[in-house]
Amino acid sequence: MNEIIKQELLKRLAQHGWANKVDLKISRTKSADHGDYCSNVAMMLAGKLDLPPMKIARKIQAIIDHPDITRTDVASPGFLNFFITRDFTPLIQGIIDEDAAFFAPDIGKGSQVHLEYVSSNPTGPVHVGHGRSAAYGSSLANILRQTGFNVHTEYYVNDAGLQIDILTASIWLCILNIQVPNGCYTGDYLNRIAVDHPEINTQIPDDLQNLLANWPEEDMTPAIETLIACCKSHLKMNYTTLKKWVVQDITQQIETDLAEFGVTYNAWFHESSLVENQQIDKLINTLETNGHTYEKDGAVWFKSSEYGDEKDRVLKRSNGIWTYFANDLAYHQKKFEQSPDRMIDVFGADHHGYVPRVVAGLTALGMDSERFRCILIQFASLYRGKEKLAMSTRSGQFITLRTLYEEVGVDAARFFYCMRRSDQHLDFDLELAKSQNSQNPVYYIQYAHARIQSIFAKHGQYIPTTSHWQQPSHDEVQLIELLSQYPEVLIKASGKTEVYRLCQYLLDIATLFHKYYNNTPILSDVISERYHRLLLCSLTAKCIKQGLSLLNISAPESM
RNA sequence: GCGCCUGUAGCUCAGCUGGAUAGAGCACCUGGCUUCGAACCAGGUGGCCGGGGGUUCGAAUCCCUCCAGGCGCGCCA
């Protein structure tokens, strides 16, 4: 419709010789007094033509002539307001048929997207801080697929760094039944893993005892490194076994917890495999031969500052071990080879300082950084009433994602996480989510769906067909107009990677439907009226169900 | 100190590429079930859009500055 008016307006502007003078924009009006669509073109032209906008608007108004436009008004200070009539039959047929053009508008044309999200370290369970990325990423994947993109989702398992060594050492201490010192991992989940390992010698070595007795209050890095060395020397071959076991166990738990939250992946990619496959060496060779690296203080550096980063970054530590960044760059290289069209990383917003160096790396490697997009998800602060809960994986003080969704339900948790712009802070109050779960907006939407199903149950079988459509009432026009926006909402959500738009839209549909329902007896005794209204209900239910399914949220028949 | 993000109703947030009286939800007040599900609806209270400048026909939106908050600034990941 927007396009129709635009073409008509362009045609009329051309008659005055005003086309091409201005960027033409048609938008929907907010108030019914202003018609259905409006244009500010007269005001835009006023400056260039040196004429009053009202006069220009009247000149255009006078020659507007299009069968779909019933009336054109001019309003101060120069708006053109269009009143339209519309034949809803094609739209209705499209929804009934679950037409792809309506429910699955193809803007991706099969282009490939590599989407990585969550990728929390396998040093502990996924907690509520990761929940937002999880809900967002999985919904985004659905939306992208629905709009024609060929999406490959991946979880990057960081199983190769220092943190994993610290984790392994922490487990060892748990097995030895020793209180873990500051700087190590702690928590019930470690004890659970520890009891599964009776084969390790539980004798406490002397050097370990000495180390722990002199554990520093601050700057514990050297002590931690000594602890890891100590652990390795005592466990010998068992160290690698234990490490692998721990990572596998925790990763498995993460996978299970996420799956129950509606989050699944095409692949789980292990950082360690990059090292094993000499992927890093390949990467470094490329950078070295192109002169992007240098040595300083016994370490290998990447000249990231030449590509917009604030300073250069270490690739290989002086101890000969690759940094996380080096591995990650190799990973991005691999991802790009796999999906050259587009690559999306979903990060926690606390990693924003990391982005420039990845972009620098990709640019240095000759990849088109325009195809790389990093989406930063602001953290959700967790509250219990007024009390803000401090969280730290290291200290074991966190609420797991599982705990959250077992309390408030997957549907509510997912919706809550997605309903706000992802680049905005989100306050998640557990008390509120628990005590007021009946007021959660997701129930409002589901209730609309359940209500409609209940009407159908009462009526008996109903098969929707366009021939049931009659002259719509004001409320009905509002509702069907809103439904007609489904494709554009989806396209926008997909194009701008903004999942919250879909949530907001579904809330809008539910609002209008509840209003309609309260004003209008659906099951009218007049049979033509009844079928007309049932048809609209049917269309509404289809849109709600489709929309919710993209968020991995259920559309219940009854509640 | 430097960089990124944010400041809109009592609370949590929308506000699309500048547009017509700034919108929802929660909370609070008043109404509505002998009729399809009241997990609902109708109405009301509540705002110097953080402050101050600027750009223009027109600013919550764009620019500058100040104030306040969050995050980042490792040979951690």
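Below, read A as the first sequence line, B as the second, and so on, with proteins coming before strands; counting in each chain starts at 1. Remember, it's a predicted structure, so these values are computed and weren't measured experimentally.
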Handout entry: Aromatic contact, A/His332 with A/Phe372 (centres under 6.0 Å)
Key = yes
Exercise for the section: Report which part of the nucleic acid A/His351 touches: base, sugar-phosphate, or nothing (heavy-atom distance under 4.0 Å, all strands). Expected result: base
Practice task
Please state the P separation for the pair B/rC67 and B/rG51 - nearest whole angstrom.
Solution key: 15 Å
Completion exercise
Of the candidates B/rC75, B/rA14, B/rG69, the side chain of A/Gln504 sits closest to B/rA14
Handout entry: A/His351 and A/Tyr354 aromatic ring geometry - parallel, tilted or perpendicular at 30°/60° bounds
Key = perpendicular
Problem - Residue A/Asn319 excluded, over 12 heavy atoms near CG under 6.0 Å - result: yes
Completion exercise
For A/Trp268, the ring-ring contact (aromatic ring centres under 6.0 Å, His included) test, sequence neighbours excluded, returns A/Tyr155, A/Tyr265
Practice task
Check every strand shown and say whether A/Asn327 touches a base, only sugar-phosphate, or nothing at a heavy-atom separation below 4.0 Å.
Solution key: nothing
Problem - A/His34 ring over B/rA20 six-membered base ring, under 5.5 Å and 30° - result: yes
Exercise for the section: Tell me whether the guanidinium CZ or amine NZ of A/Arg71 lies under 6.0 angstrom from the six-membered ring centre of A/Phe82 and within 45° of its axis. Expected result: no
Problem - Distance-only donor-acceptor test (3.5 Å): side chain A/Asn81, base B/rA20 - result: yes
Handout entry: Pair partner, B/rG47 [Watson-Crick or wobble, under 3.5 Å]
Key = none
Practice task
Using the C1' atom on both, measure B/rG74 against B/rC62 and round to a whole Å.
Solution key: 38 Å
Practice task
Report the residues that fulfil side-chain contact (heavy atoms from CB on, under 4.5 Å) with A/Pro441, sequence neighbours left out, ordered by chain and then residue number.
Solution key: A/Phe415, A/Met419, A/Leu507
Problem - B/rA24 versus B/rA68 - spacing of their C1' atoms, nearest Å - result: 26 Å
Handout entry: For atom CZ of A/Arg357 and atom P of B/rC76, their distance in whole Å
Key = 12 Å
Practice task
Whole angstrom is fine here: how far is it from CG in A/Leu426 over to C1' in B/rG70?
Solution key: 14 Å
Handout entry: Side chain of A/Tyr447 (C-beta onward), nearest among B/rG19, B/rA39, B/rU6
Key = B/rA39
Problem - Minimum-distance nucleotide to A/Lys311 side chain [options: B/rG74, B/rC4, B/rC13] - result: B/rG74
Problem - Nucleotide opposite B/rG25 in a Watson-Crick or G-U pair, distances under 3.5 Å - result: B/rC11
Handout entry: Interatomic distance at C1', B/rA14 relative to B/rC76, whole Å
Key = 38 Å
Exercise for the section: Output the single nucleotide from B/rA77, B/rC40, B/rC4 whose closest atom is nearest the side chain of A/Asn158. Expected result: B/rA77
Problem - A/Thr226 side chain vs A/Pro222 backbone, donor-acceptor pair below 3.5 Å - result: yes
Exercise for the section: When you get a sec, tell me which of B/rA39, B/rC75, B/rC36 is the closest nucleotide to the side chain of A/Ile455? Expected result: B/rC36
Handout entry: Separation of the C1' atoms in B/rA9 and B/rC66, to the nearest angstrom
Key = 25 Å
Exercise for the section: Select base, sugar-phosphate, or nothing to describe what A/Arg313 touches, counting heavy atoms under 4.0 Å on all strands. Expected result: nothing
Problem - Side chain of A/Thr29 (C-beta onward), nearest among B/rC75, B/rA20, B/rA38 - result: B/rA20
Exercise for the section: Mind checking A/Ser39 for me? I need base, sugar-phosphate or nothing, with any heavy atom below 4.0 Å counting as a touch. Expected result: nothing
Exercise for the section: Indicate whether A/Phe79 forms a stack on B/rG19; treat it as stacked only if centroid distance is below 5.5 angstrom and interplanar angle below 30 degrees. Expected result: no
Exercise for the section: Figure out the CD/C1' separation between A/Gln424 and B/rG69, and round it to whole Å. Expected result: 13 Å
Handout entry: Nucleotide paired to B/rC57 in any strand shown, Watson-Crick or G-U, under 3.5 Å
Key = B/rG19
Handout entry: Base-pairing assignment for B/rG1 (Watson-Crick or G-U wobble, both under 3.5 Å)
Key = B/rC73
Practice task
Just call it for A/Leu315: base, sugar-phosphate, or nothing, with non-hydrogen atoms closer than 4.0 Å on any strand.
Solution key: nothing
Exercise for the section: Let me know the distance between CZ of A/Arg132 and P of B/rU12, rounded to the nearest Å. Expected result: 14 Å
Exercise for the section: Assign each of A/Phe325 and A/His425 to its nearest nucleotide of RNA chain B by heavy atoms, then name whichever residue's nucleotide is nearer the 5' end. Expected result: A/His425
Problem - Spacing of the P atoms in B/rG10 and B/rA22 (rounded, Å) - result: 16 Å
Check nucleotides 41-45 of chain B against the protein and report each pair of N or O atoms closer than 3.5 Å, with its distance, or say if there are none.
{"residue": "B/rC41", "atom": "OP1", "partner": "A/Tyr444", "partner atom": "OH", "Å": "2.3"}
{"residue": "B/rC41", "atom": "O4'", "partner": "A/Asn518", "partner atom": "ND2", "Å": "3.0"}

Completion exercise
Per nearest nucleotide of RNA chain B, the residue lying toward the 5' end, A/Ser454 or A/Cys38, is A/Cys38
Exercise for the section: Give A/Pro521 one of three labels, base, sugar-phosphate or nothing, depending on what nucleic acid heavy atoms sit under 4.0 Å from its own. Expected result: base
Handout entry: Short N-O contact, A/Glu498 and A/Arg420, less than 4.0 angstrom
Key = no
Problem - Residues, nucleotides or ligands: over 12 heavy atoms within 6.0 Å of A/Lys59 NZ - result: no
Problem - Residue list, side-chain hydrogen bond (donor to acceptor under 3.5 Å, both in side chains) with A/Ser304, at least two apart or on another chain - result: A/Asp309
Problem - Which nucleotide in B/rA39, B/rG15, B/rC57 has an atom nearest any side-chain atom of A/Arg421 - result: B/rG15
Practice task
Assign A/Ala75 to base, sugar-phosphate, or nothing according to its heavy-atom contacts below 4.0 angstrom with the strands shown.
Solution key: base
Practice task
With the side chain of A/Glu310 defined as its heavy atoms from C-beta on, choose the nearest nucleotide among B/rC5, B/rG19, B/rC73.
Solution key: B/rC73
Handout entry: Distance, rounded to the nearest Å, where A/Tyr516 contributes OH and B/rC36 contributes P
Key = 16 Å
Completion exercise
Applied to residues 345-356 of chain A, the salt bridge (Lys or Arg N to Asp or Glu O under 4.0 Å) test, sequence neighbours excluded, yields A/Lys335-A/Asp345
Practice task
With a 4.0 Å heavy-atom cut-off, tell me which residues in residues 524-543 of chain A come close to RNA chain B, sorted by residue number.
Solution key: none
Handout entry: Crowding at CD1, A/Ile463 (>12 non-hydrogen neighbours, <6.0 Å)
Key = no
Practice task
Kindly point out which of B/rG74, B/rC76, B/rG37 is positioned nearest to the side chain of A/Gln163?
Solution key: B/rC76
Exercise for the section: Decide yes or no, distance alone: a donor-acceptor N/O pair under 3.5 angstrom between the base of B/rC75 and the side-chain of A/Thr323. Expected result: no
Practice task
Look at the side chain of A/His449 and the backbone N and O of A/Glu557, then say whether any donor-acceptor pair between them is shorter than 3.5 Å.
Solution key: no
Practice task
Kindly indicate whether the side chain of A/Asp350 and the base of B/rG72 share any N or O donor-acceptor pair separated by less than 3.5 Å?
Solution key: no
Problem - Nearest-Å distance once atom P is located in both B/rG15 and B/rG53 - result: 27 Å
Exercise for the section: Taking the six-membered ring for Trp and the single ring otherwise, decide whether the centroids of A/Tyr136 and A/Tyr117 are under 6.0 Å apart. Expected result: no
Fill in the blank from the handout: Taking B/rG74, B/rA39, B/rA77 as options, the one with an atom nearest any side-chain atom of A/Tyr354 is B/rA77
Practice task
Name the nucleic acid region contacted by A/Ile522, choosing base, sugar-phosphate or nothing; use a 4.0 angstrom heavy-atom cut-off, strictly under.
Solution key: base
Handout entry: Span that lies between the C1' atom of B/rG52 and that of B/rC40, in whole angstrom
Key = 47 Å
Practice task
Assign A/Ala448 to base, sugar-phosphate, or nothing according to its heavy-atom contacts below 4.0 angstrom with the strands shown.
Solution key: nothing
